[in-house]
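Atoms within a ligand are numbered from 1 in the order they appear, just like the ligands themselves.
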Amino acid sequence: PATLGIVGGGQLGQMMALAAKPMGYRVVVLDPQINAPAAQIADQQLVANYDDESALRNLADIADVITYEFENVSQEALANAVPAKQLPQGTQLLHITANRLREKTFIADLGLPVAPFAAVDNVVALDASCHKVSLPAILKTVEGGYDGHGQWDIPNQEALANLLAHWDVPVNTPMILEKQITFDRELSVMVARDISGDIRTWPVTVNEHQNHILHVSAAPASLSDKIADEIAHIAKTLANALNLVGVLGIEMFVAGDQVYVNELAPRPHNSGHFTIEATNVSQFEGHVRSVLGLPIPEIKQWAPAMMLNLLGDDINRARRELIDHPEWHIHDYGKDEVKPGRKMGHITVTGLREMKALRAWGHQKG
Ligand code: ATP
Ligand code: MG
Ligand code: MG
């Protein structure tokens with residue numbers, strides 16, 4: 001059988017592997033951590049860092065096609081070690097999405113709406129760029145951030161002064177300052193192109209965050225025709241401009257009838273996990289199909305669905321209490337160490353009754 005190589009062994013790689021295996025593919029995962037979540041499912045693991053070129057070369061020898069499960073892989077190492085024909089997603093997508101400034105510029109240049117933003121090369125210069133963006137704003141490191149890491153809210157001048165007084169990050173760390181959008185809802189959409197270039201989108205999701213970390217996602221979002229059309233336009237424009245292969249996750253803010261693109265993920269996305277139970281083709285199967293050159297049928301959702309992330313110790317509560325919820329689908333990523341705020345698993349439910357029950361469960365502390 002053909003072999004799929006996945007760079008990165010986290011939960012996204014795990015769910016890619018869980019989609020690829022029953023399709024008959026062998027799966028090899030490259031991750032420095034022995035028995036990482038994806039490696040528990042894969043046929044084979046290469047234990048090495050993501051930028052280890054000799055390990056990547058080894059992966060390219062074993063695998064027919066290589067994909068990645070997160071955007072902070074080294075594009076340079078991938079380009080050096082992996083022949084282009086084995087990396088159908090290419091490196092341009094990574095180049096753009098690994099850097100918030102490049103990403104926002106790319107999106108804006110396509111004529112798509114983003115929050116006003118400015119590059120910050122040195123936090124000492126922050127004051128000046130603030131005037132361009134205007135407070136309240138959010139400062140973000142250009143590279144490497146996720147789950148709100150590397151992000152600072154700046155509601156007003158006092159907060160800015162306070163932030164600078166306690167600044168402990170190297171001053172020349174490249175940053176982006178974004179105007180804080182007062183949004184009504186956060187939405188996301190997953191899009192993929194298949195072997196024929198057909199663009200497939202999954203139902204739009206409504207996302208709720210806690211402490212900058214995704215808490216619950218529900219789909220399908222109820223949308224006005226105008227917003228639905230705008231989101232379809234955004235997804236199609238990005239998929240074509242990127243020559244997209246694989247799944248792209250698009251995070252958006254909605255304020256009134258204005259949609260802003262927040263950020264892109266060059267891979268399946270946390271808010272799309274409901275597709276495993278609630279659609280005909282999950283975002284992970286869609287990703288695997290796209291990178292391996294298979295068609296993807298039109299996406300259908302069977303029932304309204306909601307996903308709740310299990311952060312830190314939530315996983316233990318879910319393990320204990322799941323016996324009371326026969327309708328719930330638990331996904332336990334099998335991470336060895338429970339840390340506060342760490343994504344340990346998720347629960348998906350379908351149907352309005354269970355969605356309500358899961359939301360109530362999420363509000364309880366246990
Ligand atoms: P992820 O884990 O989704 O990759 P991230 O750390 O890359 O997250 P963002 O998605 O940029 O960070 O921001 C995290 C959250 O912070 C957003 O989902 C949103 O709730 C809030 N946020 C970020 N930027 C803005 C903005 N310009 N205006 C308003 N809220 C924002
Ligand atoms: Mg992000
Ligand atoms: Mg985000």
### Query
Under 2.8 Å from the Mg ion (ligand 3), which protein atoms of type N, O or S occur, listed by chain and number?
Glu251 OE1, Glu251 OE2, Glu263 OE2
### Message
For His209 and His215, I'd like to know if the aromatic rings sit close, meaning centre-to-centre distance below 6.0 Å.
### Response
no
### Query
Does the ring center of Phe284 lie less than 6.0 Å from the ring center of His287?
no
Using side-chain heavy atoms (C-beta onward) and a distance below 4.5 Å, is [X] in contact with [Y]?
X	Y	answer
Leu160	Asn156	no
Leu187	Phe253	no
Pro113	Glu230	yes
Phe117	Thr105	yes
Ile107	Leu264	yes

#### Entry: Parallel, tilted or perpendicular: rings of His331 and His346 (30°, 60°)
parallel
#### Entry: Shell of residues surrounding ligand 1, defined by a 4.0 angstrom heavy-atom cut-off that is strict
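Close residues (ligand 1, cut-off 4.0 Å): Arg100, Ile138, Lys140, Gly145, Tyr146, Asp147, Gly148, Gln151, Glu178, Lys179, Gln180, Ile181, Phe183, Glu186, His209, His212, Glu251, Phe253, Asn262, Glu263.
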### Message
Just checking Asp61: does its CG atom have more than 12 heavy atoms from other residues, nucleotides or ligands closer to it than 6.0 angstrom?
### Response
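Yes.
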